[in-house]
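Worksheet for the structure shown next.
These figures come from a predicted structure and were not determined experimentally. All values below come from the heavy atoms of this structure, side chains included, with hydrogens, waters and symmetry mates left out.
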There are 2 protein chains.
Amino acid sequence: MSRTPSNGTKASSSNGTGTGTAPVRTLDDLAALSGVSRATVSRVINGGPVSEATRRRVQTALEGTNYRPNAAARTLASGRSGVVGVVMHLDPHMLFRDPYFSQLLQGMSDALSEQAIGMMLWLGNRSKEETLDHILWMGLLDGVIATAHEQEDRLVDGLLASSLPTVLVGHRRADPAASYVDVDHVHAADTITTHLVTIGRRRIGHITGRRGTVAGEDRLAGYLRAMRRAGLRTDALIVDGDFNKASGTAGALELLDRGIDGLFCANDAMADGALEAIRVRGLRVPDDVALAGFDDLDFAAQLDPPLTTIRQGVRQLGTEAALTLFQLLKDPAGGPRRVILPTELVIRQSTVGGVQRA
Amino acid sequence: MSRTPSNGTKASSSNGTGTGTAPVRTLDDLAALSGVSRATVSRVINGGPVSEATRRRVQTALEGTNYRPNAAARTLASGRSGVVGVVMHLDPHMLFRDPYFSQLLQGMSDALSEQAIGMMLWLGNRSKEETLDHILWMGLLDGVIATAHEQEDRLVDGLLASSLPTVLVGHRRADPAASYVDVDHVHAADTITTHLVTIGRRRIGHITGRRGTVAGEDRLAGYLRAMRRAGLRTDALIVDGDFNKASGTAGALELLDRGIDGLFCANDAMADGALEAIRVRGLRVPDDVALAGFDDLDFAAQLDPPLTTIRQGVRQLGTEAALTLFQLLKDPAGGPRRVILPTELVIRQSTVGGVQRA
DNA sequence: TTGTACGCGTTATCAT
DNA sequence: ATGATAACGCGTACAA
């Protein structure tokens, strides 16, 4: 080991003499400098019970130095690291194409940096097994936030099975012990489908999200619920998509051939694709086909016509995930936390139309 | 302190009896289990000199447990944490709008996870002073990679002034002691401007990037160099942009009024904006105005007409930054590292045109 | 090759 | 309120 000799233990006798500024790196150095014990210095730094007089003494000594507590030592002694992990294990080319993950990350970073908590990040570079291993291997994390969009996910299973406090985002698991933060996809999809019904559409198609994802399945479920309640038929009105624009175009072409007057796509990207298909067929939105999406990404309002969609506060979702983790850390015995954030129906010209086209 | 009593020291006498599986958490536990000293177990784990026989013995004992080394203890004892910091201190709404940062992050993550190095991330949520403080406060980092696009940046100054091994990305500093990774903006801008000259354009305008950024200034410098070498005039042919699409539209309208037959925008987003301006004026690309951008973002090839631009391997830039940091950590005395990655001129119909329009 | 023993810098307990 | 002092878990000279 190449330890730079720490002054303060014994060599401190040569300190403060005249050989330039003495590097103050440890509590012991600081203790020697201010004439109190190491324990007292620690109390001053961590806000323990100290008399006002000595507190000032130590503070003054502290000012003159660039002392920083050693995080490793602190973690070792206290059992808390002040660092949480964030896991976004996705297809590399999928990550960040959708602003969803960027905003999620920023929301988390907001809340974490607010509390001066560090954030370690794992993306999908390696296999789920290797990633899980690495996360647990660096056992210094206080907790983990993981995006979990697939209904089945070994990485998420592993995290929940470990002793690491874990918060899931974007996913409600069957596991009753799991804490999570999400929006109510079923309810939101029901709402926007009902909107299409309300404006008089009867043959309303649906292009699903990727099957097997919670968002895909739940939005489909919401669509079905609304249609059933309205007494409308759905057979031959549903085609599978995968959340990508291209699948929206393909799915829309198919549905248009079967005759629809309304279309709910499971996300905005596919709605964008559907828009092209509708244009190719020479039909008008919303006159011939009323169109709705989901997410309210930036571009949704820029489309021609602007897209009716569901807005979810993704950034807030991230913030809420971090706050939920804080709760979990504060009271580990308090049982799992579940947070469902509200969504908002944003009505634009792709359904209520009539307004001028640019 | 709420320490869970570690078995192994003395309580280990009650271990392995019949009271369920004994939790093996420390090297001491493992040592007791395999009948060797703790030091030997440590050597097995870290690949030290151990006889093949005992190595197998320990390995076998290891298999049965879910032992994980304690990162904090390891860091404290060795002085290395296996964690590096990544700093992307930007305007929140700017971050990740441009895929530049996503790809950079992924490139870094590639190289870091490859070496099982952890990655801590700081975004621009708080002030540069607070961010710097927090980074140094958690003194457990082995090194830092920081994006530095402004020519002046107190955060970068602070990192370089600290004792943390630091690699800058996207920025060459005057500071001769700084290690960095970047592309040669001047050369690339010169190349693409020269391309416009080569195809016969004479009144070539330029919309700059945000002034004060290295990319903005250097791309301008490259444009000027190419124009001067070609003996062309540039007065009244340069307007300031800010890398955003809107400034491209505004700048282009201005330049079109002054009469240009070529236009080099400092990035693709502004070229996209310029395209709209040209269309508004009823002009054709490239017949009336040849248009060029910089970055080769995904959408550049999708524009109508597809955009001639400069491709930089952003993801590779991130990877290279991580590798450079590794070098720095391996040989701290080796002096600063500088890496310049090559760029590529991508010629499309916005300059060579003539091909069919969709 | 293996074991002994010390040190890493801090927190927290227990006296005073 | 303050000061000793024992952990925390691991790496590594040094000795054997």
For A:Arg80 and for A:Ala73, locate the closest nucleotide of DNA chain C by heavy-atom distance; then report the residue assigned to the nucleotide nearer the 5' terminus. A:Ala73
Measure the spacing between CZ of A:Arg38 and CG of A:Leu27 and express it to the nearest 0.5 Å. 7.0 Å
B:Arg38 side-chain N/O to C:dG3 phosphate OP1/OP2 under 4.0 Å: no
Over how many whole Å does the gap from B:Asn70 atom CG to C:dC8 atom C1' extend? 13 Å
Expected output is a numbered-order residue list: members of residues 40-52 of chain B with a heavy atom under 4.0 Å from any atom of DNA chain D. What is it? B:Ser42, B:Arg43, B:Asn46
Distance, rounded to the nearest Å, where B:Arg74 contributes CZ and C:dG9 contributes P: 19 Å
Looking at A:Glu52, I want to see if its CD is surrounded by more than 12 non-hydrogen atoms of other residues, nucleotides or ligands under 6.0 Å. yes
Can you list, in residue-number order, the parts of residues 56-65 of chain B that come under 4.0 Å of DNA chain D, counting heavy atoms only? none
For B:Leu76 and C:dT10, give me the distance from atom CG to atom P, rounded to whole Å. 9 Å
Rounded to whole Å, please give me the gap between CG in B:Leu30 and P in D:dG9. 14 Å
Taking only side-chain N and O atoms of B:Tyr67, does any of them lie within less than 4.0 angstrom of OP1 or OP2 on D:dG9? no
Going by the side-chain contact (heavy atoms from CB on, under 4.5 Å) test, name the single residue among A:Asp153, A:Val156, A:Val87 that passes it with A:Lys128. A:Asp153
Does A:Arg80 pair with A:Asp142 as a salt bridge, N-O distance under 4.0 Å? no
Reckon A:Ser78 has a side-chain N or O less than 4.0 Å from the OP1 or OP2 of C:dT11? no
Just the rounded figure in Å: distance from C1' of C:dA5 to CG of B:Asp28. 13 Å
Categorize B:Thr75 for me: base, sugar-phosphate, or nothing, with a 4.0 angstrom heavy-atom threshold over every strand shown. nothing
note: B:Arg25, atom CZ; D:dA7, atom C1'; distance rounded to Å ~ 12 Å
Here the distance between atom P of D:dT5 and atom CG of A:Leu27, to the nearest Å, is 17 Å
Determine whether the aromatic ring centres of residues B:His89 and B:Trp122 are separated by less than 6.0 angstrom. no
